[in-house]
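Just so it is clear: chains get the letters A, B, ... in the order the sequence lines come, proteins before strands, and each one is counted from 1. Hydrogens, waters and symmetry mates are skipped; everything else that's a heavy atom, side chains included, is used. On a predicted model such as this, the values are computed, not experimentally measured, just so you know.
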There are 2 protein chains.
Amino acid sequence: MADKSSRNNKVSLSQVANAAGVSKMTASRVLRGEGGYSEKTRDLVMQQVDRLGYLPNRLATVFAGDKSSTFIGVSIPDLGNEVFAQVLEGIDHKLGSFGHQTVLGLTQHTETAEEDWIRTVLSWQPAGLILTGRFHAPRAMDMLRNAGIPIVEIWDLNSSPLDMSVGINHFDAGFDMGRYLVGCGYRNIGYVGTSHDTANAATTRLAGFVKAVTGGDGAVTKQLCLHDTAAYYPGYYGTEQLLTAAPTLDCIFYQNDAMAFGGMQYCASKGLNVPGDIGIAGWGDLPIAAVLPKRLTSMHVPHLRLGQAAAEMMMSRLSGEPVQPVRDIGFQLIPGSTVKNLGLS
Amino acid sequence: MADKSSRNNKVSLSQVANAAGVSKMTASRVLRGEGGYSEKTRDLVMQQVDRLGYLPNRLATVFAGDKSSTFIGVSIPDLGNEVFAQVLEGIDHKLGSFGHQTVLGLTQHTETAEEDWIRTVLSWQPAGLILTGRFHAPRAMDMLRNAGIPIVEIWDLNSSPLDMSVGINHFDAGFDMGRYLVGCGYRNIGYVGTSHDTANAATTRLAGFVKAVTGGDGAVTKQLCLHDTAAYYPGYYGTEQLLTAAPTLDCIFYQNDAMAFGGMQYCASKGLNVPGDIGIAGWGDLPIAAVLPKRLTSMHVPHLRLGQAAAEMMMSRLSGEPVQPVRDIGFQLIPGSTVKNLGLS
DNA sequence: TTGAAAGCGATACCAC
DNA sequence: GTGGTATCGCTTTCAA
C-alpha cells in the first residue's frame, strides 16, 4: 500500500531491488537465474519477490533486450468448422509447451479481415506467425515479407511459401476422391460445400475433384457452394437444395464430414437409402465418423498433428535449427460403406 | 536497406520523423490523429509512413504511456468440446470488433495449467482477462486480485466473482433436467460425463441433477466420469461401460449433446430403441441436434451470446461504463423426443 | 503548431 | 559478485 511508485500500482524490479538492498542489476540476474550472484543475495531477492508479489513486465524485457516476444499470431478462418478447432488445439498445446502464447485471429475466411489482423498483430512484435491458407491480400504480403519473422502457412500446402508451409495438397486430395468415386461407377455426382470471398483449400479440392470426375467420364452435375459454415445444418439444407435441383444424382461429395452427416440425415428424412439410393462421401475423418453405424467414406487428415507440426516448425526456426520449409503431412482415403461399387458398366 | 538504425531492422518513428523533416513528437501526433499539426505536416509524415512501410511498435506505446494493451487473455479448457469452441468464437469476434486481441490459453481443465498461463499472460500487461470457470488455484487468485485489471469469469456463474461473471447456474440447470426426467417417470437413471482434476461446471450440474432425481424418489444408479474429452466417442464407449455395469437403467443423462449422440449410436448398435427401451437426454443444444431425426432432449444455452456478453462486459468496464457485475445468461429445457412420458405410476 | 527532455521497466555493457 | 549508465520506441510534459 502507500506506494509512492510510478504511474501504476505494479511492483517493479527496482522496488524489489530496493527492498532487498541490492541493485536492479543484481535483482535482474537473480530473476533470470543466469548466475553471477551469491546464494545469500539470491535468497534476499527471492524473499522480496514473494513478499511483494512481483511479476516481471515482459514488455520491458522485450523492449530492452530487443529480443522478440513469445507471442505467436495464429490466424484461423472459423471455429464452427471442427477441422480448424482441432488444428488450433494442436498448435496451442505445442506452443504452450515451449512457453509461447497464441494470439488468435478469426478471419471469417476474408482476406481483408486477415490483413487487418496481420497489421495489428505485427505491431505487438510477435515472434512468428502461423497463417491458415496460402492466399493473402497484396498489402498483407508486403507486411509479411517485411516483418522479418518466421511464418508458417498451414492447411493448404504452399510449395513456394513465404517462409514455411505445412499441410496437404488439396487438389490431389480432391482428385483422389473423385477418381475413387468414378472407380466405384458413379457418373452423376453432386457437391455441397461452402464458399467465401477468398479462394481457399476447399475450392482447390473441388477443382481436383471435378478434374478427376470429368476425366473419368463422369460429371459433377451440380455444385452448391453455400455462404455458410461447413457444419451439420448447412449440409442438411444444402442437400435439400441440391436434390431438389438435381434429383437424379447418384452420389454426393461434401466439403467435410459434418456436412456429409447433415446430408445423410436429409436423405434419411426423405427415405433415401445410403448407399442403396445414393452414395455419400465426406472429407476430413472427423470425430463423429467414429460412432456412426456405417463407416463414412471420407479422407483422413491428421489435423491435430498438422497443428503440432506447424508449431514445431516455428519453434525450430526460432531456435535457429535447420527446418525443412515445406512439409506435406499427407492424407488417406477411407473407402467406408456409404458408397458402393456399382459394378462397372 | 543500409540501415544504420538500431538493433533490429524495423522502421521506427524517429526514422519517419527524420525523413519527413519533423520531430518525433510531431510524427507521433500525426499518427495518433490527435490534432495539433498542420495539414501540410500531416501529409509529409504520412507520405514517409507509406514509403518506409512504418508499423508502430505497440509494445513501446503501452510501455511509454503506461496504458494497458489491447490484449485480452482468454482461458478455455479445451476445444474438443464444441461448447467451448462456440464460446471462444463469440468472445473473439466481439473483442475484435472493438480492436482488441485474444491471447488464448488452453488449460486442459487443470488449475495448475491455468495458474501458469495466468502468470505468463499477466507479464504481458493485458487489458483484461476472461477465464472459464470459477475455481482457480490459490496463487492464481492472489495474482488475479493484484493485477488490477478487469476479469470476467464465464460459463459457471459466480455470484461473488473476482470482478465480473457471466454464465448460468449449472446446479439449477442440472436440477431442472433431473426434475424433468423424474417427472417423465424415470427412476433408474445413469449419467455419462467427463471429469478432471479440478471441479467444474459439469460437476456442479451433476450435483444438481442428482439432488433432483433422488429428491423425486428416483436414483442416479450409476455415474460414469471419464477422463476424456466430452465428445462423440467417449459418449459411445462410456455408454457401453455404463450399460454393461447397469443393464437395467431406464434413462441416461449426458454431459452434453455430443456424448449423448455417441450414446445413442451405441444403443442403436445394440438394437436398443430410444426412447422405447431407454431414454436419452443430452445437454447444450449443440448444432448436431438440428439435423437429427428425433429431437434430442437437451438444454439450450446461448453459447455464442455468452461469449459475446463476456466480451461486452469487458469492453464496458475498460471504457469506464457502469457494468452489472453478475449476469445470468439463462438456459431453456428442450423436451425433445428421446425421452417419453412413462405414465406416472 | 512544433520541439526538447524526461521517463516507462527492463537488459547490455563495462567498471569496480 | 556487484553496480552504474546508456538504451530500446514511444508518450508525457512543458516550453517556445
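Contacts of A:Phe135 classified as ring pair (Phe, Tyr, Trp, His ring centres under 6.0 Å), with partners at least two apart in sequence or in another chain: none. Under the rule for a side-chain contact (heavy atoms from CB on, under 4.5 Å), the partners of B:Trp124 that lie at least two apart in sequence or sit in another chain are A:Arg58, A:Leu59, A:Val62, A:Ser69, A:Thr70, A:Phe71, A:Gln101, B:Thr120. Residues meeting the side-chain contact (heavy atoms from CB on, under 4.5 Å) test with B:Asn146, sequence neighbours left out: none. Legend: residues meeting side-chain hydrogen bond (donor to acceptor under 3.5 Å, both in side chains) with A:Thr61, ordered by chain and number and at least two apart, are absent. When the side-chain hydrogen bond (donor to acceptor under 3.5 Å, both in side chains) test is applied to B:Lys94, the partners found at least two apart in sequence or on another chain are B:Glu312. Applying the side-chain contact (heavy atoms from CB on, under 4.5 Å) rule to B:Asp328 yields the partners B:Leu157, B:Ile168; only residues at least two apart in sequence or on another chain are considered. Taking B:Ala127 as the reference, B:Ser68, B:Ile72, B:His100, B:Leu318 meet the side-chain contact (heavy atoms from CB on, under 4.5 Å) condition, with sequence neighbours excluded.
Atom CZ in B:Arg32 sits about 12 Å away from atom C1' in D:dG9, given to the nearest Å. The CD-P distance, from A:Gln125 to D:dC8, rounds to 14 Å in whole Å. For the pair B:Glu34 CD and C:dG3 C1', the computed distance is 14 Å after rounding to whole Å. Rounded to whole Å, atom P of D:dT12 lies 14 Å from atom CG of B:Leu31. Taking atom CZ on B:Phe63 and atom P on C:dT11, their separation rounds to 10 Å, with Å as the unit.
Of the side-chain N and O atoms in B:Thr61, none sit less than 4.0 angstrom from OP1 or OP2 of D:dG9.
Scanning atom types as modelled, one donor and one acceptor separated by under 3.5 angstrom connect the side chain of A:Arg29 and the base of D:dG3.
Under the 4.0 Å criterion applied to side-chain N and carboxylate O atoms, A:Glu115 and A:Arg139 are assigned as salt-bridge partners.
Terminal axes of the helix from C:dT1-D:dA16 to C:dC16-D:dG1 (five pairs each, C1' rotation axis) are separated by 30°, to the nearest 10°.
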Taking only distance into account, with no hydrogens and no angle test, what donor-acceptor pairs under 3.5 Å do side-chain atoms of residues 303-310 of chain A form with protein atoms, sequence neighbours excluded?
unit_1: A:His303; atom_1: ND1; unit_2: A:Gln86; atom_2: OE1; d: 3.3
unit_1: A:His303; atom_1: ND1; unit_2: A:Val301; atom_2: O; d: 3.4

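Scanning residues 17-27 of chain B for heavy-atom distances under 4.0 Å to DNA chain C yields B:Val22, B:Ser23, B:Met25, B:Thr26. Near DNA chain C, defined here as any heavy-atom distance below 4.0 Å, the residues from residues 44-60 of chain A are A:Tyr54, A:Pro56, A:Asn57, A:Ala60, listed numerically.
Judged by closest nucleotide on DNA chain D, A:Ser38 is the one of A:Ser38 and B:Leu13 placed further toward the 5' end.
The nucleotide whose nearest atom lies closest to any side-chain atom of A:Ser12 is, among D:dT2, C:dT2, C:dG9, C:dG9. Picking from C:dA10, D:dG9, D:dT2 the nucleotide with the shortest atom distance to the side chain of A:Tyr37 gives D:dT2.
Here the closest heavy-atom approach between residue B:Thr132 and residue B:Ser75 is recorded as OG1-O, 2.7 Å.
Note on residues 68-78 of chain B: no pairs pass salt bridge (Lys or Arg N to Asp or Glu O under 4.0 Å), not counting sequence neighbours.
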